[in-house]
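Just so you know, residue 1 is the first one in the sequence shown, and it goes up from there.
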Amino acid sequence: MKTKKLVHKIEKHYAYHGAHIKLQVLSVENNGDRLVFRVCLKPGTKTSLIFERASDIQMALQMRLFQPFRDGLDLCLAVSRNNATQNSLMKMLRSRMFCQSRNWLPIAIGYSVRQEMIFADLAEMPHVMYAGSTNSGKSVGLVCLICSLIIKQPVWNVNLLIFDVGANTLGVFNNIPHLSYPIIKDHVTGIYVVRRLIEEMERRIDLNDDELRMLPAIVCVIDEYVSFINNIDDKKLSADIASKISNIIRRGRHAKIHLVISTQDPALKNMKVDVGNITTRLAFKCAKYHNSIAILGESGAEKLQGKGTLLFKSDNYPDPIYLQGAYISDDEAAELVNYVKAKEYDFSNKFLILELNTSEVEAQVCEDVEKICDKDEELAKIIIWILARDKISASQIMAHFTMGNRAYDIVEQLYGMGLVAEKFSNQPRKVLPQSFQDVPNKVRALLQNCGYSEDMVAEVIRSRESFKDYETYVFNQ
């Protein structure tokens, strides 16, 4: 690679696109195959142009790698005519950095443009999203994540739940000792498993620190998440499962439960859950720029070139960094899994979900649907009750409806529905709707499904001062 000639061409092409720069060679790597430049901006040139025009310059130069990146305070540019020479997961798993890592749940992500190995600790994330278009490399990324966990941690430290609904890309992990339930292949079984996971989370949250410390972390991997959630035909059940997954995202960390979601399009309308609390994102090549924005909060993933390339964003990397994702072949993965299966483990503290046959799972899910209906009726009664008041608190709900600490979760649910104000100190929360028109449409639909007419709801709000008489009428219907 003739460096001076290449520098001149890059500077010339950028200038054509309105970005005036000067390049300084920082390093030559891989026997001259890869160059890394420091980019010096001339006055009036915006940093954003260096990233925005990179794909145009790459095409003009016919380079396999042309990637701007930040190195501390420096703006740099990696250039190569060939694909990345390092992407081996096995090399990462054999490295001293991984073997001697003190991270609780270390996972291999990939290689930087400087060919540095990048690892992360799932325990610190505590959840992660893999996103990108079909055949972009995200499923291989999931395989690398699971391989990292099972080769590093024994069963008494890590247990796994793997959802492989429709994708059939994670079958290599069948019957590994870390599984808390056989690989989930259909949405009905998935519903059953999610509900049991929630029960375990609630149980763990009530434990003290010493008791929790003795339990294994649970990592729940859901490949093609949108396909899983959208295949749940019953709207109430779908909403309930989405709510439970949101609950895991919010509270799972306190129970050593970690969620790994893979999807093609993480838009809220598809996800049906708020993924804002998942701050660790791996964006593989996206079909459209708005998908990149949904994943990273900015465009760029739609311009990635080559299978397995990704932009990695986390609390430690608030500005996305370009990586070549780790890769493991099918044969290597099978060999690693066989090695893990052959080891001896202590199963005494393993989290297990009772395995049911198909008819038993369907019967359990039907029972769950009935419970959802019962909960809807209970919630509707509570909503009617609070709409007759100016302020409410969890302790008031506890006393009136004879329930325990669940009342605190219900108050948070009412807050999420837009019915009560945000918490302030230990003061009762203000009830927000002042008229029927202020009641959110979803709440109106819930109340109507539970037998409360629009006139009844409007009358409850108008009758706050004389609620005691009205309360007797409503709850005796």
Undergrad: Do we get K423 above Y415's six-membered ring, with its NZ or CZ under 6.0 Å from the centre and within 45° of the axis?
TA: no
Undergrad: Please check if the side chain of Q396 supplies one atom and the backbone of S393 the other of a donor-acceptor pair under 3.5 Å.
TA: yes
Undergrad: Is there a donor-acceptor contact under 3.5 Å from the side chain of N159 to the main chain of V155?
TA: yes
Undergrad: Minimum heavy-atom separation for Q434 and V431, please, with both atom names.
TA: NE2-O, 3.3 Å
Undergrad: Under the salt bridge (Lys or Arg N to Asp or Glu O under 4.0 Å) criterion, do R406 and E378 qualify, and how do the steps go?
TA: CA-CA 12 Å; R406 188 164 56 89; E378 178 189 59; 2.9 Å; yes
Undergrad: Around M403, counting heavy atoms of other residues, nucleotides and ligands shown, do more than 12 lie under 6.0 Å from its CE?
TA: yes
Undergrad: Would W156 and F347 satisfy ring pair (Phe, Tyr, Trp, His ring centres under 6.0 Å), going step by step from the backbone distance to the final call?
TA: CA-CA 6 Å; W156 59 84; F347 296 95; 8.9 Å; no
Undergrad: Please check: side-chain N/O of N174 versus main-chain N/O of G171, any donor-acceptor pairing under 3.5 Å?
TA: yes
Undergrad: Between K341 and N175, is there a side-chain donor-acceptor contact under 3.5 Å, judged purely by atom types and distance?
TA: no
Undergrad: What pair of heavy atoms forms the shortest contact from A326 to M92, and how long is it?
TA: CB-SD, 3.9 Å
Undergrad: Measuring only between side-chain heavy atoms, which start at C-beta, is V439 closer than 4.5 Å to I461?
TA: yes
Undergrad: Heavy atoms, side chains only, cut-off 4.5 Å: are N103 and L122 in contact?
TA: no
Undergrad: Is the closest side-chain heavy-atom distance between V260 and F163 below 4.5 Å?
TA: no
Undergrad: Considering only NZ, NE, NH1 and NH2 on the basic side and carboxylate oxygens on the acidic side, decide whether K244 and D240 come within less than 4.0 Å.
TA: yes
Undergrad: Examine distances only and state if a side-chain atom of N87 and a backbone atom of Q324 form a donor-acceptor pair shorter than 3.5 Å.
TA: no
Undergrad: Please determine whether side-chain contact (heavy atoms from CB on, under 4.5 Å) holds for the pair D409 and R251, giving the CA-CA distance in whole Å, both sets of side-chain angles, and the decisive distance to 0.1 Å.
TA: CA-CA 11 Å; D409 291 334; R251 304 168 65 212; 4.2 Å; yes
Undergrad: Quick one: do Y225 and M129 satisfy side-chain contact (heavy atoms from CB on, under 4.5 Å)? Show the steps, please.
TA: CA-CA 10 Å; Y225 167 83; M129 179 191 295; over 6 Å; no
Undergrad: Is it the case that R429 places NZ or CZ above or below the six-membered ring of F424, under 6.0 angstrom from the centre and within 45 degrees of the axis?
TA: no
Undergrad: Enter the distance from L336:CG to I176:CD1 here, rounded to the nearest 0.5 Å.
TA: 10.0 Å
Undergrad: Between Q153 and W104, is there a side-chain heavy-atom distance shorter than 4.5 Å?
TA: yes
Undergrad: Give the intermediate values and the outcome of side-chain hydrogen bond (donor to acceptor under 3.5 Å, both in side chains) for residues T189 and D186.
TA: CA-CA 6 Å; T189 306; D186 61 90; 3.0 Å; yes
Undergrad: Is any side-chain heavy atom of V275 less than 4.5 Å from a side-chain heavy atom of R281?
TA: yes
Undergrad: Around atom CG of D330, are there more than 12 heavy atoms from other residues, nucleotides or ligands closer than 6.0 Å?
TA: no
Undergrad: Return yes if a side-chain donor-acceptor contact under 3.5 Å exists between N316 and S314, otherwise no.
TA: no
Undergrad: Applying the salt bridge (Lys or Arg N to Asp or Glu O under 4.0 Å) test to E199, which of R203, R195, R196 qualifies?
TA: R196
Undergrad: Would you say the side chain of L311 lies within less than 4.5 Å of the side chain of Y322, judging by non-hydrogen atoms?
TA: yes
Undergrad: Taking the side chain as every heavy atom from C-beta outward, state whether I392 and K430 have any atom pair closer than 4.5 Å.
TA: no
Undergrad: Is it the case that the side chain of S292 and the backbone of G300 share a donor-acceptor pair, with hydrogens and angles ignored and the cut-off at 3.5 Å?
TA: yes
Undergrad: Does N291 use its side chain to pair, donor to acceptor, with the backbone of E302 at less than 3.5 Å?
TA: no
Undergrad: If every non-hydrogen atom of P433 is compared with every non-hydrogen atom of L419, which pair is closest and at what distance?
TA: CD-O, 3.4 Å
Undergrad: Counting N and O atoms only, with roles assigned by atom type, does the side chain of S148 sit under 3.5 Å from a partner on the main chain of I107, one being a donor and the other an acceptor?
TA: no
Undergrad: Does Y345 OH have over 12 foreign heavy atoms under 6.0 Å away?
TA: yes
Undergrad: In terms of ring plane angle, is the pair F284 and Y130 parallel, tilted or perpendicular, where the classes change at 30° and 60°?
TA: parallel
Undergrad: Which heavy atom of V420 sits nearest to which heavy atom of V411, and what is that distance?
TA: CG2-O, 3.9 Å
Undergrad: Could you verify whether a donor N or O on one side chain and an acceptor N or O on the other, from T280 and D315, lie under 3.5 Å apart?
TA: no
Undergrad: For the residue pair K307 and N135, what are the closest heavy atoms and their distance?
TA: NZ-OD1, 3.0 Å
Undergrad: For D346, is the CG atom crowded, meaning more than 12 foreign heavy atoms sit under 6.0 Å from it?
TA: yes
Undergrad: Going by atom types alone, do N168 and K185 pair a side-chain donor with an acceptor below 3.5 Å?
TA: yes
Undergrad: Can you find a pair of side-chain heavy atoms, one from F173 and one from V143, that are under 4.5 Å apart?
TA: yes
Undergrad: For the pair H17 and D56, evaluate side-chain contact (heavy atoms from CB on, under 4.5 Å) and give the outcome as yes or no after the intermediate values.
TA: CA-CA 9 Å; H17 288 285; D56 298 322; 3.9 Å; yes
Undergrad: Do R444 and F436 meet the cation-pi criteria used here (NZ or CZ under 6.0 Å from the six-membered ring centre, within 45° of the axis)?
TA: yes
Undergrad: Rounded to the nearest 0.5 Å, how far apart are CG of L215 and NZ of K350?
TA: 14.5 Å
Undergrad: More than 12 non-hydrogen atoms from neighbouring residues, nucleotides or ligands closer than 6.0 Å to CD on E422, yes or no?
TA: no
Undergrad: Please confirm whether the backbone N or O of G132 pairs with a side-chain atom of K138, one donor and one acceptor, at under 3.5 Å?
TA: yes
Undergrad: Are a donor atom and an acceptor atom from the side chains of S453 and Q448 found within less than 3.5 Å of each other?
TA: no
